[in-house]
Engineer: 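Just passing along the structure, written as structure tokens.
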Amino acid sequence: AAASLIRAGGTVVFPTETVYGLGADAMNPAAIKKIFAAKGRPDDNPLIVHIAAVDEVKPLVANIPAKAEMLMQVFWPGPLTIIMEKAAIIPTEVTGGLNTVGVRFPDHPIAQAFIKMAGCPIAAPSANRSGRPSPTQGKHVLEDLDGRVDGIILSSDAELGLESTVIDLTVEPPVVLRPGDITLAALREVLGDVAVSANVTENVVPEKVSSPGMKYTHYSPKGELVVVTGSPEEIREKISKALAHYKGKPMSLGVLASDETMDFYREGFVISLGSQKDPKEMAKNLFSRLRTFDELGVEKIFAEDIPLNNETLAVINRLYKAAGYVFI
Ligand code: AMP
Ligand code: MG
């Protein structure tokens, strides 16, 4: 039923291993416009095209670089989006006017069966309203898009919980535009030299960005989120002080802590992102925790900073963006 909705030019939300996606026929401009309308997404923010077999890449791109072949071999199906020169047949609506296209082969049995049965490549951004945290659970999809799309395939919670790693192969050396579960170290093992976009960790919002998605507000909870930096002791002290400052005021407070630190705090809604020893758990939980603060009506959220390493880069990147790069 979902596949026939796609063939009829409709929109369908489907599960993947990263987050839920909002799909439509990538070759049908009218269907693509429905995605942007349902999300309230700016039309220059490009969509990723999803396929269900490696040989489906060829018609979508002008050429397949040797490095793309290597990445597909190692990481597909999986959470890696590869940017290449687009083929003329890809509607510009999909690529936000760019002459490149991002392609991904997801590693999820329902996503694969759905794409195969639809019989076309599926353009799909994350299935959230624009600017909201990406949906990792069926209820998040319903909160944001129920009544705004033609179909929803509900499944279990997303296994990874952060969107795919995006790597641009149209430049040399290749550059990671968005970190994800496929880490920089893993990419360098295959490709050698790989650069990282300055936007990824820095507190900058450049005028001209190579990945348009990077310039928009992202992942924001309804409450005001700030990241608290410093040594573990400094972080605890700063947050405790802030909580004490607001005590007695009509302000609902939250702390995004870890399994190791959450017992320290005595005020507000204290939620753990997971164990500091388990970056994958933190990545899987981040977006759903931000939505939990919304459900609790939390107005001000203090998030403990996360120590940077190869495995935590992706979750840090999303946390900083969600906070609009506001640090204390
Ligand atoms: P979303 O599906 O919501 O995670 O959004 C997809 C993201 O992938 C966009 O916001 C861009 O950051 C990135 N992306 C997709 N296609 C391209 C492209 N052709 N060039 C650069 N970045 C892209
Ligand atoms: Mg998104």
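Atoms considered below: every heavy atom in the structure, side chains included; atoms not considered: hydrogens, waters and symmetry mates. Just follow the structure's listing: the first ligand is 1, and inside any ligand the first atom is 1.
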Engineer: So, are E299 and K249 salt-bridged, with charged N and O less than 4.0 Å apart?
Structural biologist: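 K249 and E299: not salt-bridged.
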Engineer: Do the ring planes of F105 and W76 sit parallel (below 30°), tilted (30 to 60°) or perpendicular (above 60°)?
Structural biologist: perpendicular
Engineer: Show which atoms of ligand 1 fall inside a sub-4.0 Å distance from at least one heavy-atom site of N45.
Structural biologist: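 The list of qualifying atoms is 9 (C), 10 (O).
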Engineer: Regarding E56 and K116, does a basic nitrogen lie under 4.0 Å from an acidic carboxylate oxygen?
Structural biologist: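 Between K116 and E56 there is no salt bridge, as every charged N stays at least 4.0 Å from the carboxylate O atoms.
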Engineer: Taking only heavy atoms of T100, which atoms of ligand 1 are found under 4.0 Å from at least one of them?
Structural biologist: 18 (C), 19 (N), 20 (N)
Engineer: What part of T95 sits under 4.0 Å from ligand 1 if we count only heavy atoms: the side chain, the backbone, both or neither?
Structural biologist: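 None of T95 does.
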Engineer: Regarding D305 and K238, does a basic nitrogen lie under 4.0 Å from an acidic carboxylate oxygen?
Structural biologist: no
Engineer: Can you name the atoms of ligand 1, numbered from 1 with element, that are less than 4.0 Å from a heavy atom of L98?
Structural biologist: 18 (C), 19 (N), 20 (N)
Engineer: May I ask you to check if ligand 1 and E163 share an N or O to N or O distance below 3.5 Å?
Structural biologist: no
Engineer: Yes or no: does R41 have any heavy atom under 4.0 Å from an atom of ligand 1?
Structural biologist: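 A heavy atom of R41 does come that close to ligand 1.
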Engineer: Taking distance alone, with N or O pairs closer than 3.5 Å, would you say K39 contacts ligand 1?
Structural biologist: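 No; the residue has no nitrogen or oxygen that sits under 3.5 Å from a nitrogen or oxygen of the ligand.
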Engineer: To which of H50, R104, R178 does the heavy atom nearest atom 1 (P) of ligand 1 belong?
Structural biologist: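 Considering heavy atoms of H50, R104, R178, the nearest to atom 1 (P) of ligand 1 sits in R178.
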Engineer: State plainly whether the residues K39 and D144 are in salt-bridge range, i.e. N to O under 4.0 Å.
Structural biologist: no
Engineer: Looking at ligand 1, is there an atom of it that comes within less than 4.0 Å of some heavy atom belonging to I48?
Structural biologist: yes
Engineer: Is ligand 1 under 4.0 Å from a heavy atom in the side chain of K86, in the backbone, in both, or in neither?
Structural biologist: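 None of K86 does.
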Engineer: Which atoms of ligand 1 are found less than 4.0 Å from any heavy atom of L177?
Structural biologist: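 In order of number, 21 (C), 22 (N).
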Engineer: With the side chain counted from C-beta on, respond yes when I82 and V103 share a heavy-atom pair under 4.5 Å apart, and no when they do not.
Structural biologist: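 I82 vs V103: side chains apart.
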Engineer: Can K67 and E172 be counted as an ion pair, charged N to O under 4.0 angstrom?
Structural biologist: yes
Engineer: What is the ring orientation for F302 with Y246, classed by angle as parallel under 30°, tilted 30 to 60°, or perpendicular over 60°?
Structural biologist: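 Aromatic pair F302/Y246 classed tilted.
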Engineer: Answer yes or no as to whether an N/O/S atom of S126 is found below 2.8 Å from the Mg ion (ligand 2).
Structural biologist: yes
